[in-house]
Amino acid sequence: MKYYDIVIIGGGPAGLAAAVAARKNGAESILILERDKELGGILNQCIHNGFGLHTFQEELTGPEYAARFITQVKELQIEYRLHTMVMDISSDKIVTAMNREEGMFQIQAKAVILAMGCRERSRGALNIPGYRPAGIFSAGTAQRLVNIEGYLPGRKVVILGSGDIGLIMARRMTLEGAEVQVVAELMPYSGGLKRNIVQCLDDFGIPLKLSHTVVDIKGKERVEGITLAEVDEKGKPIPGTEEEYECDTLLLSVGLIPENELSRGMGVDLNPITSGPKVNESLETSLEGVFACGNVLHVHDLVDFVSEEAAAAGRNAADYICHHKTSDEIQDRCLQQNTIQLSTENGIRYTVPSEIRMEYMPEELTVRFRVGGVYKNCYISCYFDGERILHRRRPVVAPGEMEQIKLTREQLAKYPLLEKITLKIEEA
Ligand SMILES: Cc1cc2nc3c(=O)[nH]c(=O)nc-3n(C[C@H](O)[C@H](O)[C@H](O)COP(=O)(O)OP(=O)(O)OC[C@H]3O[C@@H](n4cnc5c(N)ncnc54)[C@H](O)[C@@H]3O)c2cc1C
């Protein structure tokens, strides 16, 4: 058995930023475990620019953004193992992993940071009728094939789903000489960032068909075409609205799912809305000393927010091992002070974190959330029990863009009996 203070699962932007922050906050023995052949996570295949505007006030490509953190990890002499797959984590933080050199091995960690990212939803989750011909890819797989492996998956393309990866791949395939005929989206709004709709579709004249879905895939060996139909408010295809498209490739960009098999296996409580762990103000899960950050916690739109959130998880994990408190101590202290629950109403789907222990509240806490639909000219409001303490006007909010508010310790300290913080959307 090997021993480390902090073991980080995943060497993507979340794992890297968490490791750097943990080291800078006093943690000596840190190990990052990454199953891929290099650090950087999904950023390695995102060769477009648009990363780092918040963190570095520069427009970087994905690999450039990752490199900034990889350099810091190396300068700070943080240990990492590549080609190393974590198979299991026990509730008492024994990490079981495997690689070619060491075979199966175990590590006892004092704290664990979950940073495994997310995966794409596949065709199987959609129930599209038709055979299973070649030529159907998830947008992320196509991105990897084009940007890393050097293959063009097809020449005549239809994209289902207008999440950011689908939008970015519409532009990428066009730049590589393919003809992207249409991007179809089931919902009446796009799931991607506004800037990606403009830069990846509008600039290239690619139509976006909202409230449309693929109802049939033609071709036995290879995709030969698809049928698109308009859908009603319940997402059901409207008969008579079918349109045929000839194509050899269908790309699916129909959602991301946090990669939480390990978290579930170790007994971490998951939030059914985000499919990520439920966390408190310290980004600590229901298991003491187990923290989560990045896309494994909830799917982010911008990597800058991943890095910011992961740095907080790293600091908190360092604090946890440097000032290690026993469960009894923690429970005693929590009993002395109320835990404040964060709840959502009217259009807001979830918050991260979902509870705040005043004892551990930092000077300033970022609460991130997403809305469930498109709301124009609305207010984002925050209530402390019955009292409204924030009423921020927004011209438009949409599910594709993550929102945030900041709470301060000083603000909360004025309400010693506070039990519930509620976030909601209110009409203007
Ligand atoms: C196609 C695409 C385009 C994007 N475009 C932009 C953009 O333009 N601008 C922007 O700001 N953001 C963009 N993003 C978002 C940004 O890339 C992500 O938010 C960010 O990469 C998430 O970081 P992460 O570390 O949580 O996850 P990831 O980057 O997915 O890293 C997770 C890591 O964990 C590893 N891992 C998982 N399970 C295990 C295990 N069991 N054992 C060992 N290792 C494991 C994985 O191999 C991976 O390296 C884009 C994302 C995608 C997918």
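Atoms considered below: every heavy atom in the structure, side chains included; atoms not considered: hydrogens, waters and symmetry mates. Counting starts at 1 for both ligands and their atoms, in listed order.
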Q: Atom 49 (O) of ligand 1: which protein heavy atom is closest, and how many Å away?
A: E34 OE1, 2.7 Å

Q: Examine the proximity of ligand 1 to M169 and report which part, side chain or backbone, both or neither, has a heavy atom under 4.0 Å away.
A: neither

Q: So is H48 in contact with ligand 1, going by heavy-atom distances below 4.0 Å?
A: yes

Q: Assess whether atom CD of Q57 is packed by more than 12 heavy atoms of other residues, nucleotides or ligands within 6.0 Å.
A: yes

Q: Look only at interatomic distance and state if E259 has a nitrogen or oxygen under 3.5 Å from any nitrogen or oxygen of ligand 1.
A: no

Q: Below 4.0 Å from ligand 1: does a non-hydrogen atom of V299 turn up there or not?
A: no

Q: Could you tell me whether Q143 approaches ligand 1 through its side chain, its backbone, both or neither, with non-hydrogen atoms closer than 4.0 Å?
A: side chain

Q: Pull out every atom of ligand 1 sitting under 4.0 Å from any heavy atom of R195, numbered as shown with elements.
A: 8 (O), 9 (N)

Q: Hey, which of H300, E308, H298 is the one that makes side chain to side chain donor-acceptor pair (under 3.5 Å) with R368?
A: E308

Q: Under a 4.0 angstrom heavy-atom cut-off, which atoms of ligand 1 come close to L262?
A: 41 (N)

Q: So, are E176 and R172 salt-bridged, with charged N and O less than 4.0 Å apart?
A: yes

Q: Against ligand 1, does D164 come closer than 4.0 Å with any heavy atom?
A: no

Q: Evaluate whether atom CE of M402 has more than 12 neighbouring non-hydrogen atoms of other residues, nucleotides or ligands under 6.0 angstrom away.
A: yes

Q: At a 4.0 Å threshold, what atoms of ligand 1 neighbour a non-hydrogen atom of G12?
A: 25 (O), 31 (O), 33 (C)

Q: Below 6.0 angstrom between ring centroids: does that apply to Y65 and F56?
A: yes

